[in-house]
Amino acid sequence: MSKHQKNSLCFSTNLHCHTGSSALSEPLAISPFQLIDAGIKISPYFGALILAIYVLGRTNALFYIVYRGHQILGGAKDFHSKSAQRHWKAHEDFQRFNLWFGMNLRTSRNMTKFLSWLDHHELTIEELCRARRYFNANKLEFAIPTPWHRWTMRASILAGIAILTAVWAVFVDARLAFYTVNKTKTSFWVEENQARSSTGKALDWLSESWIIDTEYCLFSTDTAPLANEWDKEVICDLVLGNQNPQIEEAIKSQRFIAVSAGILGAAWFIFLLFIVDRERNAKALLQKVDKNNTEPTL
């Protein structure tokens with residue numbers, strides 16, 4: 001098999017491409033394992049960034065990050081003015097309230113109105129926290145999604161879970177490596193001493209399935225069932241064991257993709273259950289508030 005032909009064979013994960021006449025490969029991109037090592041090194045900085053985004057999302061401000069900087073500079077002391085100190089305490093309470101409960105209040109005045117609203121309707125902050133996704137604490141009103149919006153969002157999440165599940169199911173088999181010939185775009189699965197078409201028997205109606213073994217590669221002079229001689233040379237190079245290290249690397253990469261897809265799919269499913277539960281809580285609280293508004297006062 002020529003060097004040019006070897007250059008035509010790449011992993012489906014686009015991690016390596018075979019070059020030269022030996023079984024070694026020249027890496028053209030970083031492997032998942034190298035990415036994991038790099039991720040460990042930058043994880044402290046990434047964690048700090050995630051923390052900053054979390055604080056910003058909860059409080060609409062970087063108060064605590066700026067406050068930490070002021071502490072380092074020695075500017076986090078109490079004010080001498082009682083009026084200034086009173087306003088500072090109110091602002092500090094407001095920021096802490098947002099951070100703890102995630103109500104996304106814009107001002108301390110909105111916080112005061114929100115707390116009065118809770119007392120008026122005999123609700124607790126814990127009840128609102130379980131429905132805050134569908135409650136606007138600044139306007140003091142619930143925002144229950146319409147049936148169209150609800151089912152569109154749920155259908156989109158379920159579609160994403162289905163795609164991730166399919167990716168997991170395709171790449172979870174640790175015996176098979178998926179390849180594509182660059183020149184002809186022929187895709188196939190390869191394992192020890194055997195290769196098979198990417199569609200397989202289950203999708204034979206989509207394209208004709210085939211299986212290539214060592215006997216075919218050693219003794220057959222015909223290209224059938226393959227489309228051309230190029231595919232035969234590339235596939236047989238793998239079937240005859242000339243690229244076993246690269247096959248093992250491809251299988252490891254595919255296993256990494258399968259595990260990642262499985263974890264992400266499970267996370268999306270948990271998120272779906274979460275939003276369903278939060279919407280149910282919001283509806284129950286809305287009914288309670290409406291009932292309280294319609295009850296006559298004595």
Side-chain angles (χ1 to χ4, degrees), residues 43 46-70 76 86-164 263-295 297:
S43 58
F46 184 72
L49 178 61
I50 293 298
L51 181 61
I53 294 174
Y54 172 79
V55 172
L56 182 61
R58 299 276 288 191
T59 65
N60 278 328
L62 294 176
F63 169 80
Y64 285 98
I65 298 175
V66 175
Y67 182 73
R68 179 58 179 166
H70 287 178
R86 178 172 55 83
H87 284 288
W88 165 251
K89 290 295 184 182
H91 179 69
E92 194 175 21
D93 286 345
F94 160 68
Q95 293 291 344
R96 187 180 295 114
F97 188 89
N98 262 343
L99 183 63
W100 273 103
F101 301 112
M103 285 299 169
N104 207 18
L105 292 161
R106 294 193 181 95
T107 65
S108 56
R109 182 171 297 177
N110 285 351
M111 183 184 75
T112 302
K113 292 180 179 179
F114 170 69
L115 294 175
S116 298
W117 183 87
L118 284 178
D119 294 336
H120 174 73
H121 292 287
E122 299 180 348
L123 299 176
T124 65
I125 187 64
E126 294 83 5
E127 289 177 303
L128 258 298
C129 283
R130 289 192 289 269
R132 62 172 169 244
R133 181 180 176 85
Y134 300 104
F135 180 74
N136 188 324
N138 294 290
K139 295 182 179 179
L140 301 177
E141 61 184 22
F142 289 91
I144 307 299
T146 63
W148 168 255
H149 180 270
R150 180 188 307 121
W151 292 111
T152 299
M153 184 175 184
R154 294 181 185 180
S156 300
I157 295 175
L158 289 173
I161 294 173
I163 293 173
L164 291 170
I263 293 174
L264 191 57
W268 272 104
F269 182 73
I270 294 173
F271 175 71
L272 177 61
L273 296 179
F274 172 81
I275 63 174
V276 170
D277 178 71
R278 290 306 184 256
E279 183 179 336
R280 179 180 59 82
N281 292 335
K283 288 181 178 179
L285 289 181
L286 178 58
Q287 292 177 352
K288 186 175 181 179
V289 169
D290 289 341
K291 182 180 179 181
N292 188 41
N293 287 334
T294 56
E295 287 181 350
T297 58

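Given the structure is predicted, the values throughout are model-derived calculations rather than measurements.
The salt bridge (Lys or Arg N to Asp or Glu O under 4.0 Å) search around E279 returns R150, R154, K283, not counting sequence neighbours. Every residue meeting the salt bridge (Lys or Arg N to Asp or Glu O under 4.0 Å) condition with K288, not counting sequence neighbours, appears here in chain and number order: E127. Applying the side chain to side chain contact (heavy atoms under 4.5 Å, CB included) rule to I125 yields the partners F97, F101, M103, F114, L118, C129; only residues at least two apart in sequence or on another chain are considered.
I275 is listed as a side-chain neighbour of Y134, based on a closest heavy-atom distance under 4.5 Å. Side-chain atoms of R109 and T112, non-hydrogen and from C-beta on, never get closer than 4.5 Å to each other. With contacts defined as side-chain heavy-atom distances shorter than 4.5 Å, the pair K89/E92 qualifies. Taking 4.5 Å as the limit, some side-chain heavy atom of L264 sits within range of a side-chain heavy atom of W268.
Across all their heavy atoms, L285 and A131 have their closest contact at CD1-CB, 3.9 Å. The heavy-atom pair separating A282 from I144 by the smallest distance is CB-CD1, 3.6 Å.
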So L123 and W117, side-chain contact (heavy atoms from CB on, under 4.5 Å) or not? Walk me through it. CA-CA 8 Å; L123 299 176; W117 183 87; 3.8 Å; yes
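Classification of E126 and R130 as a salt-bridged pair fails, no side-chain N sitting under 4.0 Å from a carboxylate O.
The aromatic rings of W88 and H91 sit tilted relative to each other, their planes meeting at an angle between 30° and 60°.
Atom CZ of F135 and atom CG of L128 lie 5.0 Å apart (nearest 0.5 Å). Distance check, rounded to the nearest 0.5 Å: CD1 of I157 to CE of M153 gives 4.5 Å. Rounding to the nearest 0.5 Å places CG of L286 at 12.5 Å from CG of N281. Expressed to the nearest 0.5 Å, how far NE2 of H121 lies from CG of L140 amounts to 8.0 Å. Here CD1 of I161 is found 10.5 Å from CZ of F271. Values are rounded to the nearest 0.5 Å. Note that CG of N110 and CG of L105 are 6.0 Å apart. Values are rounded to the nearest 0.5 Å.
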